[in-house]
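Order of the sequence lines sets the chain letters (A, B, ...), proteins ahead of strands, with each chain counted from 1.
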2 protein chains.
Amino acid sequence: MGRWEPNARGRLAEAALALYAEQGFERTTVIEIAEAAGLTERTFFRHFTDKREVLFYGTETAMDMLTRAIAEAPASASPMDAVGAALESFGAFFQEDPERVRRRDAVVSSSTELRERELVKLDALTSAMVGALRERGTPAPTAGLAAEAGIAAFKVAYAHWIAAEPDTTDSAAERKLPGLVRTALTDMQKLLADRAAG
Amino acid sequence: MGRWEPNARGRLAEAALALYAEQGFERTTVIEIAEAAGLTERTFFRHFTDKREVLFYGTETAMDMLTRAIAEAPASASPMDAVGAALESFGAFFQEDPERVRRRDAVVSSSTELRERELVKLDALTSAMVGALRERGTPAPTAGLAAEAGIAAFKVAYAHWIAAEPDTTDSAAERKLPGLVRTALTDMQKLLADRAAG
DNA sequence: ACGGTGATGACAGTTCCTGACATCACGGAG
DNA sequence: CTCCGTGATGTCAGGAACTGTCATCACCGT
């Protein structure tokens, strides 16, 4: 594998995912990853700031997706409508390649450090949504609450989705991520309504 | 400062907080912390698994507090009632020493790595609350939603509280953390109710 | 053919963190 | 009072994650 093979970043990401899955995150060394991709350790760190970051490649894309979805929501949509729509389309995007998502999730779930990083990414998505909401005139406190509530519901929906689907071709609505996001939001609303006043 | 001075752990935590605040997290070395506490680097790592963990000392106590509050909630309380009560008392605990909380928050906020760790701790608190809810018979999906929604509201309330209070003796209800938690929860409910059906 | 540009390699160095073993203070058994 | 076990600490060696610096290489336009 020569020095100037194309798509170095992609090769590194692939090699890392494979090695993490195979022998675990902690027992995989950056040198191993780099050599598996035909590169050197130093080059790995030119493409990824971190040993973990290599698994969180598309986060910027995800942020764009969410902010755009919120910006493009009709002016009549409430903040929670906009957030809900954005997260549903986000869920739909996940479903496009469930196999890859599963593979990646298995690796991330197996390591505390990786779950740590995933939470930061979710927090970044929250901030991005807050920004997009403020852009369309939502006041700051409302934007914060809407974004946090939305991400919270998404977490639950995603956990359900991952835990359920084995790899069957079953396409019941309950197994589709956008639908799970929607029901999580309504269930959350019901739970919050179910409180003793004052 | 001799080898057998008491409370090594506390001294390390104090020294770390002071140094992080003074010169930043990344530019502080573990050796510096250890020497400031009259100990060695190796001993630091016997007391804390991490350079970051030293700032998240009381997390187990916090988990106990939350799980106990949920367990002790009256049987008639809804899941969201129990979570809300637990988080309000949690907020009250924070308020006991606002100065220290502020100091610590300034340090944590200044470093990505530390915010990362804080998010993990919040996630651990979420899991603890889920466990406590399940203990009292709440079904798993409901428990997950209630805990996530509660933590989401708490995050927003906490951010408000930190951003507002300068150090004034002002004790308006809006500046008290338990009250902010409560209003965050009701505001979140309103936002979620404000959605197009579907 | 030639020089500029960007990606990569090579290497040294710092810091985080761990394992293994020695050492010290204390508290109880005799 | 002495001796010895126990737990906390010190010392040392070392792996692995990252960073800075400079040389080297492939490509691209002139």
Side-chain angles (χ1 to χ4, degrees), chain A residues 1-57 107-108 110-118 120-121, chain B residues 1-57 107-108 110-118 120-121:
Chain A
M1 213 172 290
R3 191 179 185 179
W4 258 255
E5 297 285 329
N7 195 22
R9 187 172 305 224
R11 270 153 49 213
L12 287 166
E14 280 303 325
L17 178 57
L19 286 169
Y20 292 168
E22 191 180 319
Q23 52 187 348
F25 172 76
E26 315 208 345
R27 276 174 309 190
T28 299
T29 193
V30 174
I31 297 186
E32 287 179 286
I33 300 170
E35 286 178 350
L39 296 165
T40 60
E41 185 191 24
R42 191 65 184 87
T43 298
F44 176 95
F45 286 111
R46 286 202 182 91
H47 286 284
F48 303 99
T49 62
D50 237 41
K51 189 186 170 190
R52 308 176 212 171
E53 196 67 16
V54 66
L55 283 185
F56 300 87
Y57 197 175
V107 172
V108 172
S110 72
S111 153
T112 305
E113 294 187 54
L114 290 173
R115 296 201 312 103
E116 205 168 359
R117 179 58 52 87
E118 181 144 88
V120 172
K121 296 304 183 182
Chain B
M1 210 172 289
R3 192 179 184 178
W4 258 255
E5 297 286 328
N7 193 23
R9 188 172 305 225
R11 270 154 50 213
L12 286 167
E14 279 302 325
L17 178 57
L19 285 169
Y20 291 168
E22 192 180 319
Q23 51 187 359
F25 173 75
E26 315 207 345
R27 277 174 308 190
T28 300
T29 194
V30 175
I31 297 187
E32 286 180 285
I33 300 170
E35 286 179 350
L39 297 166
T40 60
E41 186 191 23
R42 191 65 184 88
T43 299
F44 176 94
F45 286 111
R46 286 202 182 92
H47 286 283
F48 303 99
T49 62
D50 235 47
K51 189 186 170 191
R52 308 175 212 172
E53 196 67 16
V54 66
L55 283 185
F56 300 87
Y57 198 174
V107 172
V108 172
S110 71
S111 154
T112 304
E113 294 186 55
L114 290 173
R115 295 203 310 105
E116 206 168 0
R117 180 57 53 86
E118 181 144 87
V120 172
K121 296 304 184 183

Rounded to the Å, how far apart are [X] [atom1] and [N] [atom2]?
X     : N      : atom1 : atom2 : result
A/F44 : D/dT19 : CZ    : P     : 11 Å
B/L39 : C/dA25 : CG    : P     : 14 Å
B/F45 : D/dC12 : CZ    : C1'   : 16 Å
B/R11 : D/dA8  : CZ    : C1'   : 12 Å
B/E41 : D/dG10 : CD    : P     : 12 Å
A/E53 : D/dA17 : CD    : P     : 16 Å
B/R52 : C/dC16 : CZ    : P     : 11 Å
A/E35 : D/dA16 : CD    : P     : 12 Å

Please report the closest heavy-atom contact between A/L12 and A/I33, naming both atoms and the distance. O-CG2, 3.7 Å
Measuring only between side-chain heavy atoms, which start at C-beta, is [X] closer than 4.5 Å to [Y]?
X     : Y      : result
A/E32 : A/Q23  : yes
B/R52 : B/E118 : no
B/R9  : B/R46  : no
A/D50 : A/F56  : no
B/L39 : B/F44  : no

Keeping the roles fixed (side chain from A/R11, backbone from A/P6), state whether a donor-acceptor pair exists under 3.5 Å. yes
Mapping B/T40 and A/F48 onto DNA chain D by nearest heavy atom, which one lands closer to the 5' end? B/T40
Using a 4.0 Å cut-off on heavy atoms, which residues in residues 13-30 of chain B reach DNA chain D? List them by number, or say none.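 When residues 13-30 of chain B is checked for heavy atoms under 4.0 Å from DNA chain D, there are no hits whatsoever.
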Do you know which of A/K51, A/E26, A/R27 makes side chain to side chain contact (heavy atoms under 4.5 Å, CB included) with A/Y20?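 One option only clears the test, and that one is A/K51.
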Taking N and O atoms by type only, does the side chain of B/R42 place a donor or acceptor under 3.5 Å from a partner on the base of C/dG19?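 Present.
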With the side chain defined as heavy atoms from C-beta on, B/R46 is closest, among D/dT11, D/dC18, D/dT21, to D/dT11
When you measure from the side chain of A/T43, which nucleotide among C/dG9, C/dC17, D/dT19 comes out closest?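 Between C/dG9, C/dC17, D/dT19, the one nearest the side chain of A/T43 would be C/dG9.
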So for the helix from C/dA1-D/dT30 to C/dG30-D/dC1, with five pairs setting each end axis, what is the inter-axis angle to 10°? 10°
Any side-chain N or O of A/H47 under 4.0 Å from OP1/OP2 of C/dT8? yes
side-chain hydrogen bond (donor to acceptor under 3.5 Å, both in side chains) partners of A/T43, counting only residues at least two apart: A/T40
